[in-house]
Every structure is written in structure tokens, then in C-alpha cells.
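Naming convention: chains lettered A, B, ... in sequence-line order (proteins, then strands); numbering from 1 in each chain. Computed over heavy atoms, backbone and side chain alike; hydrogens, waters and symmetry mates excluded.
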Number of protein chains: 2
Amino acid sequence: MPATTETLTAERILAATEEVLRRHGPAKATVVDVARALGVSHGSVYRHFRTKAALREAVTKRWLDRTTEVLAAVAADTGLDPEDRVREWFATLFAAKRRKAGLDPELFATYTVLVGESGEVVNDHICDLTGQLTDIVRAGVASGAFTVDDPETTARALFQATGFFHDPGYAKEWERPGVQEEFEAVMDLLVKGLRG
Amino acid sequence: MPATTETLTAERILAATEEVLRRHGPAKATVVDVARALGVSHGSVYRHFRTKAALREAVTKRWLDRTTEVLAAVAADTGLDPEDRVREWFATLFAAKRRKAGLDPELFATYTVLVGESGEVVNDHICDLTGQLTDIVRAGVASGAFTVDDPETTARALFQATGFFHDPGYAKEWERPGVQEEFEAVMDLLVKGLRG
């Protein structure tokens with residue numbers, strides 16, 4: 001069903017943009033393709049997103065935010081003690097990335113290109129994630145489980161030290177046999193480091 | 001001075017190959033260019049390296065081995081206690097990579113392409129490096145400084161957890177202000193994890 005001015009929401013445009021990106025790839029996808037997929041003029045799309053760059057940034061943010069939301073639920077799960085929460089948080093991040101890369105490799109490759117273009121969106125995303133981690137580290141310090149001087153610095157260190165298991169540049173490694181054991185070995189070392 | 005059959009050593013060919021790669025880039029450099037730079041026929045080059053691929057692999061191995069040698073000296077320095085040796089080993093690795101990337105970014109980019117082609121050479125290199133790390137971890141377990149179940153697994157985890165500071169894919173990050181502090185924060189966490 002073509003969209004009308006009333007039913008054309010930002011979310012509908014973003015969903016159509018993802019579909020167009022999946023079909024045409026990041027180099028060829030245009031705003032006209034998105035408008036055509038929705039049965040509207042490209043002017044209607046521009047009313048929601050003022051430039052093609054803004055549209056690409058918004059769809060990238062939407063993709064990244066899905067992971068942020070799933071992880072926020074783990075970060076807030078006070079039913080787990082802080083050590084288990086750190087482990088579960090990274091296990092959820094790694095599983096989400098592997099699933100995205102494995103189930104739909106073309107879309108994953110597309111978003112990897114978009115992420116490379118969207119410096120600010122990505123920085124915000126990393127700030128959101130390390131912010132969640134900082135909260136978990138602080139909870140561990142408060143409960144006496146962790147010995148850490150500066151939770152924010154430590155959260156960033158945790159995120160950098162696990163890059164092998166969430167940076168899309170390593171996606172090919174995630175299908176290698178033994179990678180889950182390697183993940184566990186890195187987590188064991190980091191959690192021991194948090195205990196201090 | 002052009003090389004003669006007597007003076008044409010594998011090392012001279014590899015030095016010339018590096019120079020040709022620096023000038024032409026990895027896509028355009030040919031065996032004929034290398035032979036011309038040495039003033040010999042391309043047949044003379046092929047007598048030392050049977051294929052272009054073999055020559056590229058050998059020059060990549062030479063580049064990687066330079067780092068391996070510097071690190072071997074740190075790994076063997078029993079004047080440092082194991083904790084300081086781990087820190088010094090990674091600081092040396094990070095400094096070597098940053099220096100290579102910063103002083104001659106084109107050659108660094110060239111070798112990054114070659115490294116991507118040379119799966120086996122790179123795997124051997126990583127085995128060499130994690131072997132050195134395993135020796136340091138074992139020494140720490142022997143002295144009672146480290147509490148580690150399996151030194152080999154832990155050495156691999158250390159190497160993966162520090163990828164941000166030695167994987168060429170992150171080279172652009174190494175010039176960012178604050179990256180040295182980030183490196184220290186990761187090392188602090190990992191060394192605490194080794195102590196256990």
C-alpha cells in the first residue's frame with residue numbers, strides 16, 4: 001500500500017531505506033529508490049530527512065540503537081550480580097553481532113560501510129554502550145565485588161579489550177571454531193582484573 | 001651498482017622489493033620492476049623466489065620478523081619481573097607499530113595489504129608472538145606472580161585483548177590524543193587479571 005502524507009512516518013521511511021540498502025547496496029541506493037518503494041515523491045522523504053546524508057545517518061543510528069536497547073536491559077538487570085552482569089552484557093553483544101553478521105551478511109556489510117561514514121553517530125553509540133558498562137562497574141565497586149579506581153576509564157578499557165568480539169572488522173573470525181572459547185578466556189582475564 | 005649472480009642474495013632482492021613496493025604500491029609492483037631496480041634479469045630473481053606470490057610472502061615475513069626479533073629480546077629479559085615484562089612487551093609492540101604507521105604510512109598501508117594476502121605467514125607470526133607471551137606468562141606462574149590455569153590460552157587472550165593497540169586496522173586511532181592512557185588502562189586491567 002503506498003504511503004500518504006498522513007501515514008508517511010520517519011519509521012516507515014527508515015524501514016524502506018533499510019530494504020533499499022539491502023537490495024541496492026550502500027553505493028547505489030538513492031532517495032528516489034526509497035520514495036519509489038514507498039509510492040511517494042522524493043520531496044515527501046526530504047520533508048522528514050533534509051538530506052541523503054541525514055537519512056543514511058538516521059538509518060545507521062536505528063540499526064545501532066537496536067543493539068543498545070537489548071544491552072540496556074542486561075545492564076539494568078539487578079537480579080544478576082555485577083560480575084555476571086558484565087559477562088552477560090558482553091555475551092549478549094557478541095551474540096547479537098554474530099547473529100547479524102551470520103544471518104544477513106550483505107546487510108551487515110552495508111551497515112559496516114555506513115558506520116564507517118557516520119563518525120558522530122558511532123561515537124554516540126560507543127558512548128551509550130560504555131555508559132551502560134560504567135553503570136555495571138560502579139555497581140560492582142559499590143557492592144565490593146570490583147576494585148577499580150575510575151569506573152569510566154575501566155569501562156572503556158573493557159570495551160576496547162573485547163573489540164575482537166564486537167568490531168565488525170573481525171566478523172570473519174566469528175565463524176572460526178574455538179572463537180567462543182577465546183571469548184571466554186578474554187572475559188575470564190578481564191573479570192579477574194575487575195576483582196583485583 | 002647492479003647486482004651480479006654472485007652478489008644477488010635473497011636479502012638484496014627483498015630490500016629491493018620493499019623499495020619497489022614503496023614506490024609503486026602493492027597493486028602495481030611486479031617482479032620485472034624488482035629485477036630492473038637490481039640491474040638483473042627477472043630470471044635471476046625467480047632463481048631465488050619461484051613465483052611472484054613467494055616473493056611477496058617473503059618480503060611480508062621479513063617485515064613481520066623485524067618486530068618479532070625486537071619483542072624476543074624483551075621476552076627473554078629476565079632482569080625484569082614477569083609483570084613488568086608483560087607491560088614492556090606490549091609497550092614495545094605498540095610503539096613499534098605506531099612508529100611504522102606514523103613514519104612511513106604508505107609503506108605501512110602496503111604491508112597491511114600484503115598481510116591480508118598472506119594468511120599462513122601471518123598465522124606463523126601470531127604463533128611466534130603468542131609463544132613469546134606464553135613464556136612470560138609461564139615465568140610469572142613459576143615465580144608465583146601470576147595465577148593462571150593455562151598459560152597458552154591466557155597468552156592468546158592477552159594478545160586478542162590488546163588488538164586495538166597492534167592490529168593495523170586501528171592505525172588511525174593511534175594518533176588520537178589519549179590513546180596512550182587508554183593503552184595503560186587496558187594493561188592495568190589485564191595485569192590485575194594475571195595476578196588473580
Next on the checklist: If you apply the rule salt bridge (charged side-chain N to carboxylate O under 4.0 Å, His left out), what do you find for A:Glu19 with A:Arg22, and how did you get there?
Outcome noted: CA-CA 5 Å; A:Glu19 198 43 47; A:Arg22 189 197 306 271; 3.3 Å; yes

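- A donor-acceptor pair under 3.5 Å links the side-chain atoms of A:Asp81 to the main chain of A:Asp84, judged by distance alone.
- Other residues, nucleotides and ligands place more than 12 heavy atoms under 6.0 Å from the CD atom of B:Glu173.
- Near-neighbour residues of residues 179-189 of chain A relative to chain B, defined by a heavy atom under 4.5 Å from a heavy atom of that chain, comprise A:Glu182, A:Ala185, A:Val186, A:Leu189.
- When each of B:Leu64, B:Val59, B:Asp65 is checked for a side-chain contact (heavy atoms from CB on, under 4.5 Å) with B:Lys61, only B:Asp65 meets the rule.
- At most 12 heavy atoms of other shown residues, nucleotides or ligands fall within 6.0 angstrom of atom CD in B:Glu152.
- Between chain B and the options A:Thr153, A:Leu194, A:Thr154, heavy-atom pairs under 4.5 Å are most frequent for A:Leu194.
- Below 30°, between 30° and 60°, or above 60°: for A:Phe159 and A:Phe90 the angle between ring planes is between 30° and 60°, a tilted geometry.
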